[in-house]
2 protein chains.
Amino acid sequence: MVYDKENFKNITIKDVAKRAEVSIATVSRILNGKDRVSPLLAERVLLAVKELQYQPNDVARALKIKESRSIGLIIPDIENPFFPALVRGVQDAAKIHNYAVILCNTDGKTEEEKKYIQFLYSKRVDGIAFTESVDNKKNIALLDSLGIPVVLLDRRVEGMKASGVSTDNRLGAFMATQHLIEKGKQRIGFISGSPKLSSGADRASGYQDALLHYSIQYDKKLVFIGAFTYESGYAAVENLLLSRHQFDAIFAANDIMAIGAIECLNRYGIRVPEDVAVVGFDDIRLATWYKPLLTTIRQPVYEMGQYAIKLLVEHITGERSCPYEKIFAPELMIRQSSGGLEESK
Amino acid sequence: MVYDKENFKNITIKDVAKRAEVSIATVSRILNGKDRVSPLLAERVLLAVKELQYQPNDVARALKIKESRSIGLIIPDIENPFFPALVRGVQDAAKIHNYAVILCNTDGKTEEEKKYIQFLYSKRVDGIAFTESVDNKKNIALLDSLGIPVVLLDRRVEGMKASGVSTDNRLGAFMATQHLIEKGKQRIGFISGSPKLSSGADRASGYQDALLHYSIQYDKKLVFIGAFTYESGYAAVENLLLSRHQFDAIFAANDIMAIGAIECLNRYGIRVPEDVAVVGFDDIRLATWYKPLLTTIRQPVYEMGQYAIKLLVEHITGERSCPYEKIFAPELMIRQSSGGLEESK
DNA sequence: GTGAAAGCGCTAACAC
DNA sequence: GTGTTAGCGCTTTCAC
């Protein structure tokens with residue numbers, strides 16, 4: 001199988017026109033169903049299309065109408081268990097609107113993000129769905145100067161410079177902490193995500209809100225800054241253990257860190273949930289496969305991906321002109337790692 | 001932020017030419033570095049490019065040179081834990097060669113695959129990396145007739161109609177079964193994947209090979225056809241249990257089914273690995289997070305994705321004209337679910 | 001309602 | 001070396 005381009009008779013609109021004995025303008029009109037055309041010609045054209053197996057060249061179309069029917073999706077890493085569902089939501093929604101999704105992994109590097117934005121711009125994507133790694137607004141500004149519609153994924157938008165889709169992280173963290181408190185826990189450790197991200201900062205706020213609300217002293221010795229990774233969750237607990245500060249619960253700002261935390265606790269012979277209760281955040285699939293089943297805050301990730309594209313398309317078509325922020329409600333999923341549904345002891 | 005296309009002065013090669021006081025041909029030459037140009041003009045052009053922040057329009061370029069610098073990636077479902085690493089490998093390799101990756105999820109439906117192939121063709125992708133859901137050759141033939149280079153992912157290629165990248169599934173299954181046998185197991189249940197897929201069929205063969213090699217009677221009552229899903233793994237074991245046939249081990253054709261199997265065993269109070277040893281296939285990340293840690297056959301999934309793009313690019317550039325089959329070696333990862341490294345009892 | 005023709009932004013002969 | 005120009009395949013005025 002030699003892929004010699006020349007061997008493949010690229011059927012163009014011209015071929016169809018010739019076969020149907022009409023002008024190329026007529027073919028175009030019929031295929032796009034815009035102007036009115038006589039049914040007679042339409043029939044002839046459609047027949048020719050079928051006979052020749054004609055597939056319009058979207059590249060040429062894109063050049064002409066300045067609309068590529070493709071969008072960029074920039075995320076840190078598809079291997080991070082948080083993203084597959086998000087990506088799937090994006091892709092499913094994009095498919096409905098007939099957009100191609102170009103996937104980009106940045107590993108959370110601002111420089112990579114910038115490169116990809118330029119790359120996507122050269123491809124003249126119609127819009128970009130973007131999970132920024134750092135909330136630095138620089139890349140948003142770049143996008144803005146390029147005139148590319150953006151929707152921020154899993155990020156709250158400071159100053160509403162762009163539309164965004166996220167979960168109410170602050171509320172979610174409040175609920176998680178509250179759950180632990182209602183379980184009778186008083187010394188609740190917190191493993192934060194990166195405070196540079198709105199998701200990280202908001203979850204930290206929610207944790208503090210809950211302590212305040214229940215009149216529990218905030219103790220910064222119980223707080224560690226993680227990086228949303230397994231390793232950072234593990235390390236945080238190890239540090240906590242070595243510091244010899246008492247604690248009876250851990251709230252980790254995402255599930256992977258929670259699992260890292262539990263692994264570390266187990267390693268030191270501490271039982272979850274008997275000795276220490278643990279709550280995570282995100283409700284990734286693993287949360288229900290891991291043992292103990294992980295109590296966590298569910299984000300409707302798939303729906304967030306879908307909604308982001310809905311918004312993005314509205315911006316692309318001009319249906320919506322002002323930035324809009326969609327915030328989904330978090331949901332507490334009570335499972336084993338926090339002691340389940342039983343009463344506090 | 002109104003995305004009014006008109007507001008954004010689309011800088012074209014013409015603008016650059018005017019500013020640098022040269023012809024557009026010269027600009028093109030300099031940017032593509034093909035023909036020789038005088039350093040003087042080159043400098044002027046490069047300056048103009050920078051000043052105007054010119055970004056070439058790849059759509060126009062694609063139309064002209066008939067090369068879109070994009071490839072399609074068709075998989076069943078990015079939410080299936082097997083795929084993220086594969087996708088990442090594909091994307092990283094594509095990035096090196098400057099190709100955009102268009103992601104397509106088919107849920108394993110042949111009809112969806114066909115639609116996506118046509119969609120990608122209308123976008124004039126330069127090639128497609130494809131994880132077929134059913135080995136029916138029809139879509140491969142379609143691709144062939146369209147003149148689109150393909151590389152099959154995770155699929156062995158019957159009759160070498162296209163290039164493919166896979167793991168030696170038969171050998172892997174042999175190793176898994178052998179491991180169980182060496183652990184002293186004699187009645188080894190097998191949960192197959194879809195036999196319509198080469199990966200499913202080959203793993204079944206490997207299982208039989210091993211039994212034969214160790215002179216263990218093949219007992220079809222111990223064999224179930226699953227669907228590579230958690231549920232099918234669970235159901236298989238439940239059926240086995242209800243059938244009351246004795247068994248002391250389970251080899252599941254992928255990790256998710258193995259986990260489904262273990263969950264079911266636990267549900268019925270059967271301990272893994274004490275009562276029944278379990279081995280999976282793939283070595284997805286979850287295999288090392290699940291409890292018990294899953295003994296499994298590792299496929300170098302990320303590398304497979306990378307290699308597929310290497311092959312695909314070779315086909316696209318014409319460097320390689322004949323189909324080639326790359327087969328990676330499987331690796332046995334011994335962990336808890338099969339009783340670990342200790343001797344058989 | 002239909003066709004002729006211009007032109008989207010680029011590359012690559014082809015002249016000079 | 002450099003500029004002029006045709007044309008990739010399509011949509012869309014503009015005449016008729």
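Nothing here was measured: the structure is a model prediction, and the numbers come from that model. We name chains A, B, ... by the order of the sequence lines, and we start the count at 1 in each one. The basis for the numbers below is simple: all heavy atoms, side chains too, and nothing from hydrogens, waters or symmetry mates.
For B/N57, counting side-chain heavy atoms from C-beta on, the closest listed nucleotide (D/dG1, D/dG9, C/dG9) is C/dG9. Looking at the side chain of A/V37, the nearest of the listed nucleotides C/dC10, C/dT2, D/dG1 is C/dT2.
Residue A/Q55 contributes atom CD, which lies 15 Å from atom P of D/dG9 at whole-angstrom precision. In this structure, the CG atom of B/N10 is 10 Å from the C1' atom of C/dC8, given to the nearest Å. Rounded to an integer number of Å, the gap from CZ of B/R44 to P of D/dG3 is 8 Å. The interatomic distance linking A/E67 (CD) with C/dG9 (P) rounds to 15 Å, in whole Å. Atoms CG (B/D58) and P (C/dC8) sit 18 Å apart, rounded to a whole Å. Atom pair A/K14:NZ and D/dC10:P shows a separation of 10 Å (rounding to whole Å applied). The CG-P distance, from B/L41 to D/dG3, rounds to 6 Å in whole Å. Across the protein-nucleic acid pair, B/K66 atom NZ and C/dG9 atom P stand 19 Å apart, rounded to whole Å.
Toward the 5′ end of DNA chain D lies the nearest nucleotide of B/P39, the other residue of the pair B/P39 and A/L63 mapping further downstream. With the nearest nucleotide of DNA chain C identified for both B/I13 and A/E21, A/E21 has the one nearer the 5' end.
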Inset, instruction - Using the side chain to side chain contact (heavy atoms under 4.5 Å, CB included) rule, take B/S133 and B/T110 through it: C-alpha gap first, then chi angles, then the decisive distance, then the call. - result: CA-CA 7 Å; B/S133 59; B/T110 313; 4.2 Å; yes

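Note on B/D92 versus B/R88: salt bridge recorded, some NZ/NE/NH1/NH2 to OD/OE distance being below 4.0 Å. Taking a cutoff of 4.0 Å between a charged side-chain nitrogen and a carboxylate oxygen, A/K95 and B/E112 qualify as a salt bridge. Taking the charged nitrogens against the carboxylate oxygens, A/E51 and A/R19 do have a contact shorter than 4.0 Å, which makes a salt bridge. By the 4.0 Å N-to-carboxylate-O rule, B/E111 lies too far from B/K115 to be salt-bridged with it. Salt-bridge check for B/E113 with B/K109: failed, with every basic side-chain N at 4.0 Å or more from each acidic carboxylate O.
Cation-pi check for B/K326 over B/Y324 is not met; the charged atom does not lie both under 6.0 angstrom from the ring centroid and within 45 degrees of its normal. Both tests do not hold together for B/K123 against B/Y121: distance to the six-membered ring centre under 6.0 Å, angle to the ring axis within 45°.
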Under 3.5 Å, which protein N or O atoms sit close to an N or O of nucleotides 12-14 of chain D? Give each pair with its distance.
residue, atom, partner, partner atom, Å
D/dT13, O4, A/R29, NH2, 3.3

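Contact annotation: B/S23 side-chain N/O to D/dG3 OP1/OP2 distance is under 4.0 Å.
In this structure, B/V22 reaches the sugar-phosphate backbone alone: every heavy-atom distance under 4.0 Å involves primed, P, OP1 or OP2 atoms, never a base.
For the side-chain contact (heavy atoms from CB on, under 4.5 Å) criterion with A/V16, the lone passing option out of A/V27, A/L46, A/L47, A/I24 is A/V27.
Listed by residue number, there are no residues of residues 116-125 of chain B with a heavy-atom contact under 4.0 Å to DNA chain D.
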